[in-house]
Amino acid sequence: MGAGVVTGVPAGAGGTRRRGRPSRTDSVDGPGARERILTAARAEFAARGYEKASIRGIAKAADVDPALVHHYYGTKEQVFEAAVELSFAPALNAPEAVLDGGLDGVGERLTRFVFGVWENPVTREPLLAIVRSALTNDVAAAVFRKLIVRQLLRRIAGELTVPDAALRAELAAAQLVGTALLRYVIRLEPLASADPERIIARVAPVVQQHLTGP
């Protein structure tokens, strides 16, 4: 991904310009263009899902040429991955937040952190959109899986001093993700309406058992 400012390239013989570098006149590049593209991408995927979202729609919302979206972020899959990473940024900080106190009580800290992200309306809406896309599209699911494994599970597993650390971290994540799906996406009652503290009290010991139990 290029990080520099895209500038116009004078046309040479035959009126061509360098491939992959849109001119300023048709790209509306400038300060904040990358951030506008990523914000627009998150909104587009949230509103339309992975399959119906398009590079053209993202570019229109960001007020840039579609070529500039490709220049900064590459393919639609790569744009989606960047949008997912932005949406999941709070949750991806979980390892540092929950492991500071050591492994004692890590199950409750991780559970409380994850449900805190889901309970916050600002972070919940983009998370819902990303998870729904992952449930219905193989490409979106692969991106979601890669991000969770690379950014979250490996970092937690790396702190565990027990056998089968990777499997334990995955089982803990499955407990949390499964509960979140039933509560926030499928909205299964009475789970969907239960007090978050009741859920944390029930789920946290199971997560702790997965991570550090015999």
(request) Check for a donor-acceptor pair, side chain of Arg168 on one end and backbone N or O of Pro163 on the other, with a separation under 3.5 Å. (result) yes
(request) List the steps and the verdict of side chain to side chain contact (heavy atoms under 4.5 Å, CB included) for Ile156 and Leu211. (result) CA-CA 9 Å; Ile156 291 177; Leu211 294 176; 4.3 Å; yes
(request) Please say whether the positively charged group of Lys76, taken as NZ for Lys or CZ for Arg, lies over the ring of Tyr50, i.e. under 6.0 angstrom from the six-membered ring centre and within 45 degrees of the axis. (result) yes
(request) Answer whether the closest heavy-atom distance between the side chains of Tyr72 and Val64 falls below 4.5 Å. (result) no
(request) Would you kindly confirm whether Val177 and Leu171 end up in one hydrophobic cluster when ILVMFWY residues are joined by side chain heavy atoms under 4.5 Å apart? (result) no
(request) Would you mind reporting whether Ser133 and Phe144 have side-chain heavy atoms less than 4.5 Å apart? (result) no
(message) Test of understanding: clusters of I, L, V, M, F, W, Y form through side-chain heavy atoms closer than 4.5 Å, transitively. Do Leu167 and Val162 belong to the same one?
(response) no
(message) In the structure I gave you, are the side-chain heavy atoms of Glu51 and Thr136 within less than 4.5 Å of one another anywhere?
(response) no
(request) Please round to the nearest 0.5 Å and tell me the distance separating atom NE2 of His71 and atom CD1 of Ile37. (result) 9.0 Å
(request) Could you tell me the separation between the OG1 atom of Thr39 and the CD atom of Glu44, rounded to the nearest 0.5 Å? (result) 13.0 Å
(request) Over all heavy atoms of both residues, which pair between Asp63 and Arg36 is shortest? Give the atoms and the distance, please. (result) O-NH2, 3.9 Å
(request) Taking all non-hydrogen atoms of both residues into account, name the closest pair between Ala165 and Leu160 and its distance. (result) O-CD1, 3.7 Å
(message) If you compare all heavy atoms of Gly107 against all heavy atoms of Val207, which two are closest, and at what distance to 0.1 Å?
(response) CA-CG1, 3.9 Å
(request) Work out which heavy atom in His70 is nearest to a heavy atom in Ile55; give both atom names and the distance. (result) NE2-CG2, 3.7 Å
(request) Considering non-hydrogen atoms only, spot the tightest contact between Ala157 and Ala169 and give its length. (result) CB-CB, 4.0 Å
(message) In this structure, would Leu128 and Leu182 fall into the same cluster of hydrophobic residues linked by side-chain contacts under 4.5 Å?
(response) yes
(message) Strictly distance-based, threshold 3.5 Å: is any side-chain N or O of Glu108 a donor or acceptor partner for the main-chain N or O of Gly105?
(response) no
(message) For Gln208 and Thr212, which I'm curious about, is there any donor-acceptor pair between the side chains at under 3.5 Å?
(response) yes
(message) Return the OH to CD1 distance between Tyr73 and Ile58, rounded to the nearest 0.5 Å.
(response) 10.5 Å
(request) Would you indicate whether Asp138, at its atom CG, is surrounded by more than 12 heavy atoms from other residues, nucleotides or ligands within a distance under 6.0 Å? (result) no
(message) How long is the straight-line distance from CD of Gln175 back to CG of Leu110, given to the nearest 0.5 Å?
(response) 11.0 Å
(request) Decide yes or no for Gln209 and Pro214: does some side-chain heavy atom of the first lie under 4.5 Å from some side-chain heavy atom of the second? (result) yes
(request) Would you please classify the geometry between the Tyr184 ring and the Trp118 ring as parallel, tilted or perpendicular, with 30° and 60° separating the classes? (result) parallel
(message) Would you say Val206 ends up clustered with Leu191 if hydrophobic residues are merged whenever their side chains have heavy atoms under 4.5 Å apart, either directly or through other cluster members?
(response) no
(message) Ignoring hydrogens, what is the shortest heavy-atom contact between Leu38 and Ala83? Give both atom names and the distance.
(response) CD1-N, 3.8 Å
(request) In plain terms, say whether Glu119 and Arg183 are close enough for a salt bridge, that is, a side-chain N and a carboxylate O under 4.0 Å apart. (result) yes
(request) Mind checking the CG-CZ spacing from Leu103 to Arg109? Nearest 0.5 Å is all I need. (result) 8.0 Å
(request) To the nearest 0.5 Å, tell me how far Arg202 CZ sits from Ile199 CD1. (result) 11.0 Å
